[in-house]
There are 2 protein chains.
Amino acid sequence: MDLVLTPVGAAAGVAVCCTPLTAPSISEADALALATTLKALADPARLRLLSLIAAHEGHDACVCDLTEPVGLSQPTVSHHLKVLVDAGLLTREKRGVWVHYTLVPGALDVITSHLASHLTAAA
Amino acid sequence: MDLVLTPVGAAAGVAVCCTPLTAPSISEADALALATTLKALADPARLRLLSLIAAHEGHDACVCDLTEPVGLSQPTVSHHLKVLVDAGLLTREKRGVWVHYTLVPGALDVITSHLASHLTAAA
DNA sequence: ATGCTACATCGACACCTATCTATATTGACA
DNA sequence: TGTCAATATAGATAGGTGTCGATGTAGCAT
(Lines give C-alpha, C1' and ligand atoms only; values in the text may rest on other atoms or scores of the structure.)
Protein backbone atom coordinates (compact mmCIF):
# COMPACT_ATOMS: atom_id res chain seq x y z
CA MET A 1 0.00 0.00 0.00
CA ASP A 2 3.02 2.25 0.16
CA LEU A 3 2.45 5.27 -1.98
CA VAL A 4 5.42 6.65 -3.79
CA LEU A 5 5.86 10.00 -2.13
CA THR A 6 7.79 12.66 -3.98
CA PRO A 7 10.92 10.91 -5.20
CA VAL A 8 12.90 14.08 -4.71
CA GLY A 9 15.18 14.90 -7.55
CA ALA A 10 14.52 11.64 -9.30
CA ALA A 11 12.97 13.30 -12.28
CA ALA A 12 14.74 16.63 -12.19
CA GLY A 13 18.27 15.35 -11.64
CA VAL A 14 18.63 17.48 -8.53
CA ALA A 15 21.50 16.52 -6.25
CA VAL A 16 20.09 14.37 -3.45
CA CYS A 17 21.77 13.47 -0.19
CA CYS A 18 21.59 9.76 -0.79
CA THR A 19 24.39 7.48 -1.95
CA PRO A 20 23.37 4.53 -4.12
CA LEU A 21 22.99 1.00 -2.80
CA THR A 22 25.67 -1.38 -3.97
CA ALA A 23 24.55 -4.54 -2.15
CA PRO A 24 21.51 -6.06 -0.46
CA SER A 25 21.16 -5.59 3.28
CA ILE A 26 20.30 -8.09 5.98
CA SER A 27 16.72 -9.34 6.10
CA GLU A 28 14.43 -8.46 8.97
CA ALA A 29 14.31 -12.10 10.06
CA ASP A 30 18.07 -12.57 9.94
CA ALA A 31 18.56 -9.36 11.90
CA LEU A 32 16.16 -10.61 14.56
CA ALA A 33 17.89 -13.97 14.83
CA LEU A 34 21.37 -12.47 14.99
CA ALA A 35 20.27 -9.91 17.57
CA THR A 36 18.75 -12.64 19.73
CA THR A 37 22.02 -14.55 19.80
CA LEU A 38 24.05 -11.41 20.40
CA LYS A 39 21.81 -10.49 23.33
CA ALA A 40 22.90 -13.73 24.98
CA LEU A 41 26.52 -12.66 24.60
CA ALA A 42 26.01 -9.03 25.55
CA ASP A 43 26.24 -9.37 29.32
CA PRO A 44 29.41 -9.14 31.41
CA ALA A 45 28.42 -12.01 33.68
CA ARG A 46 27.74 -14.30 30.74
CA LEU A 47 30.98 -13.35 29.00
CA ARG A 48 32.86 -14.19 32.18
CA LEU A 49 31.04 -17.52 32.47
CA LEU A 50 31.88 -18.42 28.88
CA SER A 51 35.48 -17.37 29.38
CA LEU A 52 35.75 -19.39 32.59
CA ILE A 53 34.37 -22.48 30.89
CA ALA A 54 36.73 -21.96 27.95
CA ALA A 55 39.60 -21.73 30.41
CA HIS A 56 38.78 -25.11 31.94
CA GLU A 57 40.23 -28.34 30.67
CA GLY A 58 38.02 -29.70 27.91
CA HIS A 59 36.04 -26.42 27.91
CA ASP A 60 33.86 -28.01 30.47
CA ALA A 61 32.94 -26.83 33.96
CA CYS A 62 30.37 -27.54 36.63
CA VAL A 63 28.28 -24.85 38.28
CA CYS A 64 30.29 -25.13 41.47
CA ASP A 65 33.35 -24.06 39.48
CA LEU A 66 31.60 -20.93 38.28
CA THR A 67 29.53 -19.47 41.09
CA GLU A 68 32.33 -18.23 43.27
CA PRO A 69 34.56 -16.68 40.54
CA VAL A 70 31.81 -14.51 39.10
CA GLY A 71 30.65 -13.32 42.51
CA LEU A 72 26.95 -13.77 41.89
CA SER A 73 24.35 -15.85 43.68
CA GLN A 74 23.88 -19.45 42.60
CA PRO A 75 20.36 -18.84 41.17
CA THR A 76 21.67 -15.94 39.11
CA VAL A 77 24.50 -18.05 37.70
CA SER A 78 22.02 -20.78 36.90
CA HIS A 79 19.86 -18.26 35.09
CA HIS A 80 22.74 -17.01 32.96
CA LEU A 81 23.80 -20.54 32.08
CA LYS A 82 20.29 -21.29 30.92
CA VAL A 83 20.35 -18.23 28.67
CA LEU A 84 23.61 -19.43 27.14
CA VAL A 85 22.26 -22.94 26.59
CA ASP A 86 19.11 -21.56 24.98
CA ALA A 87 21.29 -19.48 22.67
CA GLY A 88 23.16 -22.59 21.56
CA LEU A 89 26.46 -21.50 23.05
CA LEU A 90 26.64 -24.16 25.77
CA THR A 91 25.44 -27.69 26.29
CA ARG A 92 24.24 -29.04 29.63
CA GLU A 93 25.05 -32.49 30.95
CA LYS A 94 24.13 -33.95 34.30
CA ARG A 95 26.76 -36.15 35.96
CA GLY A 96 25.42 -37.48 39.22
CA VAL A 97 24.80 -34.57 41.52
CA TRP A 98 26.73 -32.14 39.39
CA VAL A 99 25.83 -30.42 36.17
CA HIS A 100 28.51 -29.75 33.60
CA TYR A 101 28.36 -27.04 30.99
CA THR A 102 30.46 -27.32 27.86
CA LEU A 103 31.24 -24.88 25.07
CA VAL A 104 29.56 -25.69 21.77
CA PRO A 105 32.46 -25.86 19.29
CA GLY A 106 32.11 -23.37 16.46
CA ALA A 107 29.08 -21.60 17.87
CA LEU A 108 31.00 -18.38 18.16
CA ASP A 109 32.36 -18.72 14.63
CA VAL A 110 28.85 -18.91 13.26
CA ILE A 111 27.99 -15.63 14.94
CA THR A 112 31.10 -13.80 13.84
CA SER A 113 30.85 -15.02 10.27
CA HIS A 114 27.25 -13.84 10.06
CA LEU A 115 28.33 -10.47 11.41
CA ALA A 116 31.14 -10.25 8.91
CA SER A 117 29.04 -11.25 5.93
CA HIS A 118 26.32 -8.73 6.64
CA LEU A 119 28.20 -5.81 8.07
CA THR A 120 31.39 -5.45 6.15
CA ALA A 121 32.41 -4.11 2.81
CA ALA A 122 32.93 -6.59 0.01
CA ALA A 123 36.52 -5.50 -0.63
CA MET B 1 37.41 -11.89 54.42
CA ASP B 2 36.43 -15.07 52.62
CA LEU B 3 36.92 -18.01 54.90
CA VAL B 4 38.15 -21.18 53.31
CA LEU B 5 35.16 -23.44 53.61
CA THR B 6 35.76 -27.18 53.35
CA PRO B 7 37.91 -27.55 50.22
CA VAL B 8 36.16 -30.81 49.44
CA GLY B 9 38.49 -33.59 48.47
CA ALA B 10 41.53 -31.37 48.49
CA ALA B 11 43.14 -33.23 51.35
CA ALA B 12 41.55 -36.63 50.96
CA GLY B 13 42.00 -37.02 47.22
CA VAL B 14 38.29 -37.61 46.78
CA ALA B 15 36.99 -37.24 43.24
CA VAL B 16 35.64 -33.72 42.86
CA CYS B 17 33.39 -32.41 40.12
CA CYS B 18 35.75 -29.72 39.00
CA THR B 19 38.06 -29.81 36.01
CA PRO B 20 41.32 -27.91 36.33
CA LEU B 21 41.91 -24.47 34.85
CA THR B 22 44.26 -24.41 31.90
CA ALA B 23 44.18 -20.71 31.09
CA PRO B 24 43.26 -17.36 32.60
CA SER B 25 39.76 -16.06 31.99
CA ILE B 26 38.60 -12.61 30.93
CA SER B 27 38.89 -9.81 33.48
CA GLU B 28 35.84 -8.21 34.98
CA ALA B 29 36.68 -4.89 33.31
CA ASP B 30 37.24 -6.45 29.90
CA ALA B 31 33.98 -8.36 30.20
CA LEU B 32 32.13 -5.16 30.99
CA ALA B 33 33.68 -3.30 28.07
CA LEU B 34 33.01 -6.11 25.61
CA ALA B 35 29.44 -6.51 26.85
CA THR B 36 28.80 -2.79 26.44
CA THR B 37 29.89 -2.91 22.82
CA LEU B 38 27.96 -6.09 22.14
CA LYS B 39 24.81 -4.52 23.60
CA ALA B 40 25.03 -1.88 20.89
CA LEU B 41 25.07 -4.64 18.28
CA ALA B 42 22.42 -6.81 19.91
CA ASP B 43 19.35 -5.12 18.48
CA PRO B 44 17.62 -6.02 15.22
CA ALA B 45 17.00 -2.40 14.25
CA ARG B 46 20.66 -1.48 14.77
CA LEU B 47 21.87 -4.53 12.86
CA ARG B 48 19.66 -3.51 9.97
CA LEU B 49 20.94 0.05 10.11
CA LEU B 50 24.54 -1.12 10.07
CA SER B 51 23.82 -3.49 7.22
CA LEU B 52 22.05 -0.78 5.25
CA ILE B 53 24.97 1.59 5.70
CA ALA B 54 27.40 -1.17 4.73
CA ALA B 55 25.35 -1.76 1.60
CA HIS B 56 25.64 1.87 0.52
CA GLU B 57 28.42 3.14 -1.65
CA GLY B 58 31.34 4.14 0.53
CA HIS B 59 29.61 2.61 3.55
CA ASP B 60 28.05 5.93 4.05
CA ALA B 61 24.40 6.90 4.29
CA CYS B 62 22.28 9.79 5.45
CA VAL B 63 19.37 9.44 7.85
CA CYS B 64 16.87 9.96 5.07
CA ASP B 65 18.26 6.81 3.44
CA LEU B 66 17.64 4.78 6.54
CA THR B 67 14.35 5.81 8.10
CA GLU B 68 12.02 4.36 5.51
CA PRO B 69 13.76 0.96 5.01
CA VAL B 70 13.77 0.07 8.70
CA GLY B 71 10.15 1.10 9.19
CA LEU B 72 10.70 3.04 12.40
CA SER B 73 10.01 6.64 13.28
CA GLN B 74 12.70 9.20 12.56
CA PRO B 75 13.44 9.89 16.25
CA THR B 76 13.85 6.18 16.91
CA VAL B 77 16.27 5.81 14.03
CA SER B 78 18.17 8.83 15.31
CA HIS B 79 18.36 7.23 18.74
CA HIS B 80 19.75 3.97 17.37
CA LEU B 81 22.34 5.80 15.29
CA LYS B 82 23.50 7.65 18.37
CA VAL B 83 23.93 4.36 20.21
CA LEU B 84 26.05 3.03 17.36
CA VAL B 85 28.18 6.17 17.27
CA ASP B 86 28.70 6.03 21.04
CA ALA B 87 29.79 2.41 20.66
CA GLY B 88 32.40 3.44 18.12
CA LEU B 89 30.78 1.56 15.25
CA LEU B 90 29.76 4.61 13.23
CA THR B 91 30.98 8.14 12.70
CA ARG B 92 28.70 11.11 12.26
CA GLU B 93 29.32 13.90 9.78
CA LYS B 94 27.07 16.82 9.03
CA ARG B 95 26.84 17.90 5.39
CA GLY B 96 24.61 20.89 5.07
CA VAL B 97 21.13 19.90 6.12
CA TRP B 98 21.90 16.24 6.01
CA VAL B 99 23.80 14.05 8.40
CA HIS B 100 25.87 11.17 7.07
CA TYR B 101 26.78 8.11 9.05
CA THR B 102 29.75 6.01 8.03
CA LEU B 103 31.00 2.63 9.15
CA VAL B 104 34.17 2.74 11.25
CA PRO B 105 36.58 0.42 9.39
CA GLY B 106 37.78 -2.46 11.49
CA ALA B 107 35.49 -1.76 14.44
CA LEU B 108 33.77 -5.07 13.97
CA ASP B 109 37.08 -6.91 13.67
CA VAL B 110 38.14 -5.59 17.06
CA ILE B 111 35.00 -7.01 18.63
CA THR B 112 35.25 -10.40 16.99
CA SER B 113 38.93 -10.78 17.75
CA HIS B 114 38.30 -9.99 21.40
CA LEU B 115 35.55 -12.57 21.43
CA ALA B 116 37.77 -15.15 19.82
CA SER B 117 40.73 -14.53 22.10
CA HIS B 118 38.71 -14.83 25.27
CA LEU B 119 36.16 -17.42 24.40
CA THR B 120 37.84 -20.06 22.34
CA ALA B 121 40.16 -22.93 22.98
CA ALA B 122 43.84 -22.39 22.34
CA ALA B 123 44.09 -25.33 19.96
C1' DA C 1 14.58 -43.96 55.23
C1' DT C 2 16.78 -39.66 56.24
C1' DG C 3 19.53 -36.14 55.66
C1' DC C 4 22.84 -33.57 52.87
C1' DT C 5 24.44 -31.36 48.75
C1' DA C 6 24.12 -29.42 43.97
C1' DC C 7 21.33 -27.20 41.08
C1' DA C 8 16.85 -25.29 39.18
C1' DT C 9 12.61 -22.72 39.58
C1' DC C 10 9.59 -19.10 41.54
C1' DG C 11 8.22 -14.56 42.77
C1' DA C 12 9.46 -9.96 43.53
C1' DC C 13 11.77 -5.73 42.63
C1' DA C 14 14.67 -2.20 40.56
C1' DC C 15 16.58 -0.74 36.50
C1' DC C 16 17.20 -0.32 31.69
C1' DT C 17 15.54 0.24 26.90
C1' DA C 18 12.85 0.55 22.57
C1' DT C 19 9.35 3.07 20.95
C1' DC C 20 6.28 6.83 20.21
C1' DT C 21 4.53 11.94 19.90
C1' DA C 22 5.67 16.57 20.48
C1' DT C 23 9.02 20.05 20.25
C1' DA C 24 13.50 22.22 19.60
C1' DT C 25 17.53 23.10 16.64
C1' DT C 26 19.98 23.91 12.61
C1' DG C 27 20.89 25.01 7.90
C1' DA C 28 19.27 26.34 3.11
C1' DC C 29 16.73 29.35 0.42
C1' DA C 30 13.53 32.92 -1.16
C1' DT D 1 13.96 37.78 7.86
C1' DG D 2 10.92 34.18 7.59
C1' DT D 3 9.74 29.68 6.09
C1' DC D 4 10.68 24.98 5.10
C1' DA D 5 13.16 20.62 5.55
C1' DA D 6 16.35 17.44 8.04
C1' DT D 7 17.73 15.87 12.27
C1' DA D 8 18.10 15.86 17.36
C1' DT D 9 16.19 16.16 21.98
C1' DA D 10 12.61 15.72 25.60
C1' DG D 11 9.09 13.35 27.97
C1' DA D 12 6.19 9.41 28.54
C1' DT D 13 5.17 4.56 28.57
C1' DA D 14 5.26 -0.39 28.03
C1' DG D 15 7.96 -4.27 28.17
C1' DG D 16 12.30 -6.62 29.05
C1' DT D 17 16.14 -8.15 32.20
C1' DG D 18 19.50 -8.83 35.99
C1' DT D 19 19.46 -9.73 40.61
C1' DC D 20 18.13 -11.64 44.91
C1' DG D 21 15.97 -14.71 48.73
C1' DA D 22 13.02 -18.58 49.30
C1' DT D 23 11.76 -22.89 47.89
C1' DG D 24 11.57 -27.14 45.04
C1' DT D 25 14.00 -31.34 43.08
C1' DA D 26 17.14 -34.91 42.44
C1' DG D 27 20.97 -37.83 43.44
C1' DC D 28 24.44 -39.64 46.93
C1' DA D 29 25.76 -41.36 51.54
C1' DT D 30 25.14 -42.83 56.05
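Below, read A as the first sequence line, B as the second, and so on, with proteins coming before strands; counting in each chain starts at 1. Keep in mind it's a predicted model, so treat the numbers as computed, not measured. Computed from heavy atoms alone, side chains included, the values below leave out hydrogens, waters and symmetry copies.
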| message | Please report the end-to-end axis angle for the helix from dA1(C)-dT30(D) to dA30(C)-dT1(D), five pairs per end, rounded to 10 degrees. | response | 10°
| said: Within residues 69-89 of chain A, which residues have any heavy atom lying less than 4.0 Å from an atom of DNA chain D? | reply: Leu72(A), Ser73(A), Pro75(A), Thr76(A), His79(A), His80(A)
| said: Expressed as a whole number of angstroms, how long is the span from Lys94(A):NZ to dC28(D):C1'? | reply: 12 Å
| remark: note: Arg95(B), atom CZ; dT7(D), atom C1'; distance rounded to Å ~ 15 Å
| message | I want to confirm an ordering. Mapping Gly96(B) and His100(A) to their closest nucleotides on DNA chain C, which one lands closer to the 5' end? | response | His100(A)
| message | Which residues pass the side chain to side chain contact (heavy atoms under 4.5 Å, CB included) test with Thr91(A), not counting sequence neighbours? | response | Thr102(A), Val104(A)
| query | Looking at residues 35-49 of chain A, who's got a heavy atom less than 4.0 Å off DNA chain C? | reply | none
Partners passing side-chain hydrogen bond (donor to acceptor under 3.5 Å, both in side chains) against [X] (at least two apart in sequence or in another chain):
{"X": "His56(A)", "result": "none"}
{"X": "Asp109(B)", "result": "none"}
{"X": "Thr112(B)", "result": "none"}
{"X": "Thr76(B)", "result": "Ser73(B)"}

Apply salt bridge (Lys or Arg N to Asp or Glu O under 4.0 Å) to [X] and list each qualifying residue two or more places apart in sequence or on a separate chain.
{"X": "Asp65(B)", "answer": "none"}
{"X": "Lys94(B)", "answer": "none"}
{"X": "Asp30(A)", "answer": "none"}
{"X": "Glu28(A)", "answer": "Arg48(B)"}

| query | OP1, OP2 of dA8(D) versus side-chain N and O of Arg92(B): anything below 4.0 Å? | reply | yes
| Within less than 4.0 Å of OP1 or OP2 of dA6(C), is there a side-chain N or O belonging to Tyr101(A)? | no
| query | So does Asp86(B) pair up with Arg92(B), basic N to acidic O under 4.0 Å? | reply | no
| query | Rounded to the nearest 0.5 Å, how far does CZ of Arg46(B) lie from CG of Leu50(B)? | reply | 9.0 Å
